[in-house]
Protein chains: 2
Amino acid sequence: MDKNYFVSQLKEFSESYQINVDEDILGEIVNKATFRVISKGEIIASIGEKTTAAALVLSGLARCYYIDNDGNDITRGFAPEGTMCMDEGFFGYSERICMWETLEETTLMLCKTEDIKKLIKENVAIKDAWILLLERALRYKIYRENGFLVENATERYIHFKKMYPNLSETVPQKHIATYLGIAPESLSRIRRAMKETD
Amino acid sequence: MDKNYFVSQLKEFSESYQINVDEDILGEIVNKATFRVISKGEIIASIGEKTTAAALVLSGLARCYYIDNDGNDITRGFAPEGTMCMDEGFFGYSERICMWETLEETTLMLCKTEDIKKLIKENVAIKDAWILLLERALRYKIYRENGFLVENATERYIHFKKMYPNLSETVPQKHIATYLGIAPESLSRIRRAMKETD
DNA sequence: TTTGTGCATTAACATATGTTAATTACCATT
DNA sequence: AATGGTAATTAACATATGTTAATGCACAAA
């Protein structure tokens with residue numbers, strides 16, 4: 001295992017959040033973490049499980065989804081390279097209420113929940129980083145709430161494509177549709193209408 | 001001004017978040033804060049303004065709302081007694097993107113943004129409290145996202161009534177409707193359908 | 001190449017929600 | 001009590017999205 005490589009990836013991640021953490025602390029995190037390469041289409045976390053770790057996507061793509069009362073698969077969100085597979089399992093709920101899977105071959109850095117919580121507690125720089133991460137997540141959810149309140153499905157799709165230009169090419173339409181809160185057939189119809197009107 | 005009374009209210013607020021903060025720090029916060037009693041129907045913050053303070057609702061009720069492209073008033077959320085009028089103006093955006101108004105006579109405790117940020121920076125207990133507050137806000141937004149993804153308007157209304165039994169009596173239907181992402185006329189229809197089927 | 005499997009598209013129809021306009025109910029003020 | 005203004009309800013119709021089923025397409029396995 002090439003520790004320095006992982007440290008530099010973690011550094012890149014933290015810098016993408018405008019966070020500065022000493023390299024020795026990043027090294028400490030990497031020392032405690034485990035790394036997994038997961039092939040496409042694997043389940044990496046399931047409903048009802050205890051949340052024992054948080055994952056950073058070093059490469060690849062993960063998807064978080066609900067199973068609703070009728071058994072339908074509904075996408076809650078995507079975790080592309082450089083983001084975390086993080087959900088409320090990490091704060092407040094010990095049992096997962098959603099699933100995670102890989103949509104491509106994916107490399108994960110896994111950090112035990114207890115290790116992260118200890119780091120957050122003991123290290124002010126990490127605690128500040130955690131705050132920034134929470135604030136960003138909250139802003140994102142507010143942005144999404146705004147979409148459901150004031151936009152129709154077509155507008156939400158347009159904004160999705162702007163925000164995730166790569167994903168809209170590689171991810172199955174059905175997952176994008178449920179992420180937008182509509183049926184896959186509806187997204188198909190919307191795409192056609194957008195083509196026809198240029 | 002009865003400082004002790006405000007300190008006890010602030011204590012109640014922090015305990016509702018399972019937060020323990022020394023009383024002298026609460027006293028310090030109260031010393032720095034200003035208090036305002038605002039009559040029903042007043043605008044307390046507007047789009048485009050700089051966010052200079054955060055407000056805790058000591059009594060009464062406030063409402064946060066967007067104005068969409070067509071000029072429609074769309075409710076983003078409510079801040080009943082014991083909660084904060086907090087939006088992304090406090091973290092990341094300096095300019096407000098939404099409005100706040102009172103729906104009843106309301107008493108606010110106003111804390112300057114700079115004062116809170118200083119407190120968060122310098123006092124670990126406050127910093128931990130801020131984390132808990134962010135986590136709770138994030139859980140709430142995830143709950144809401146879930147509603148838009150897997151529920152229809154009727155189900156969202158039922159859940160709203162369970163979560164805010166008081167509000168569903170006192171708040172104008174039109175605000176509840178836009179909060180649920182539907183037109184007031186649609187909520188009216190839903191309520192009638194619910195009555196008819198018991 | 002053949003076969004099988006899942007995905008995207010399409011069409012027809014069903015349902016939920018939006019829109020408009022009229023009516024009624026409910027207040028606050030005078 | 002009378003008035004005026006806002007909110008809620010209702011109905012008729014418009015539109016967006018859901019549902020079902022059929023078809024075609026792409027890709028992987030045999």
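Proteins come first, then strands; the chains are lettered A, B, ... in the order of their sequence lines, and each starts at number 1.
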Q) Under 30°, 30 to 60°, or over 60°: which ring-plane class applies to A:Phe35 and A:Phe6, parallel, tilted or perpendicular? A)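 Parallel.
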
**Q.** Lys/Arg cation over aromatic B:Tyr179: B:Arg144, 6.0 Å, 45° cone
**A.**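 Yes, a cation-pi geometry holds between B:Arg144 and B:Tyr179.
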
Q | Contact summary for B:Leu180 and B:Arg156, nearest pair of heavy atoms | A |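 Heavy atoms only, the tightest pair is O-NH2, 2.8 Å.
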
Q: Considering non-hydrogen atoms only, spot the tightest contact between B:Pro184 and B:Lys174 and give its length.
A: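 Nearest pair, atom of B:Pro184 first, then B:Lys174: CG-CB, 3.8 Å.
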
Q) Going by side-chain heavy atoms closer than 4.5 Å, which hydrophobic residues are tied to A:Ile47, directly or by a chain of links? A)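 Same cluster as A:Ile47: A:Ile43, A:Tyr65, A:Ile67, A:Met99.
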
(Q) Nearest whole Å is fine: how far is D:dT6 P from B:Gln173 CD? (A)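 Distance, rounded to whole Å: 18 Å.
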
(Q) Rounded to whole Å, please give me the gap between CG in B:Leu187 and C1' in D:dT9. (A)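 For the pair B:Leu187 CG and D:dT9 C1', the rounded distance is 11 Å.
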
**Q.** Consecutive-pair stems (3 or more, Watson-Crick or G-U, under 3.5 Å) for DNA chain D
**A.**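 Result, WC/G-U stems under 3.5 Å: C:1-30 with D:1-30.
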
Q: Hey, which sits more toward the 5' end of DNA chain D by its nearest nucleotide, A:Asn152 or A:Glu185?
A: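 Comparing both residues, the 5'-ward one is A:Asn152.
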
Q. Of B:Lys40 and B:Ala153, whose nearest nucleotide on DNA chain C comes first from the 5' end?
A.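 So the residue in question is B:Ala153.
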
Q. Contact class for B:Gly181 vs. all strands (heavy atom < 4.0 Å): base, sugar-phosphate, or nothing?
A.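 It contacts sugar-phosphate atoms only.
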
Q) With sugar-phosphate meaning primed atoms plus P, OP1 and OP2, does B:Arg192 contact a base, only sugar-phosphate, or nothing at under 4.0 Å between heavy atoms? A)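 Sugar-phosphate: the residue B:Arg192, judged by heavy atoms under 4.0 Å, touches backbone atoms but no base.
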
**Q.** B:Lys32 bridged to B:Glu28 by N-O distance under 4.0 Å
**A.**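 Salt bridge present between B:Lys32 and B:Glu28.
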
Q: Determine, stepwise, if the pair B:Arg76 / B:Glu88 fulfils salt bridge (Lys or Arg N to Asp or Glu O under 4.0 Å).
A: CA-CA 12 Å; B:Arg76 178 199 276 189; B:Glu88 66 290 297; 3.0 Å; yes

Q: Mind running side-chain contact (heavy atoms from CB on, under 4.5 Å) on B:Tyr157 and B:Ile176 for me, showing each step along the way?
A: CA-CA 8 Å; B:Tyr157 179 55; B:Ile176 296 174; 4.2 Å; yes

(Q) Below 4.0 Å from chain B heavy atoms, what is the first contacting nucleotide of DNA chain C and what is the last? (A)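 The contacted stretch runs from C:dT17 to C:dT20.
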
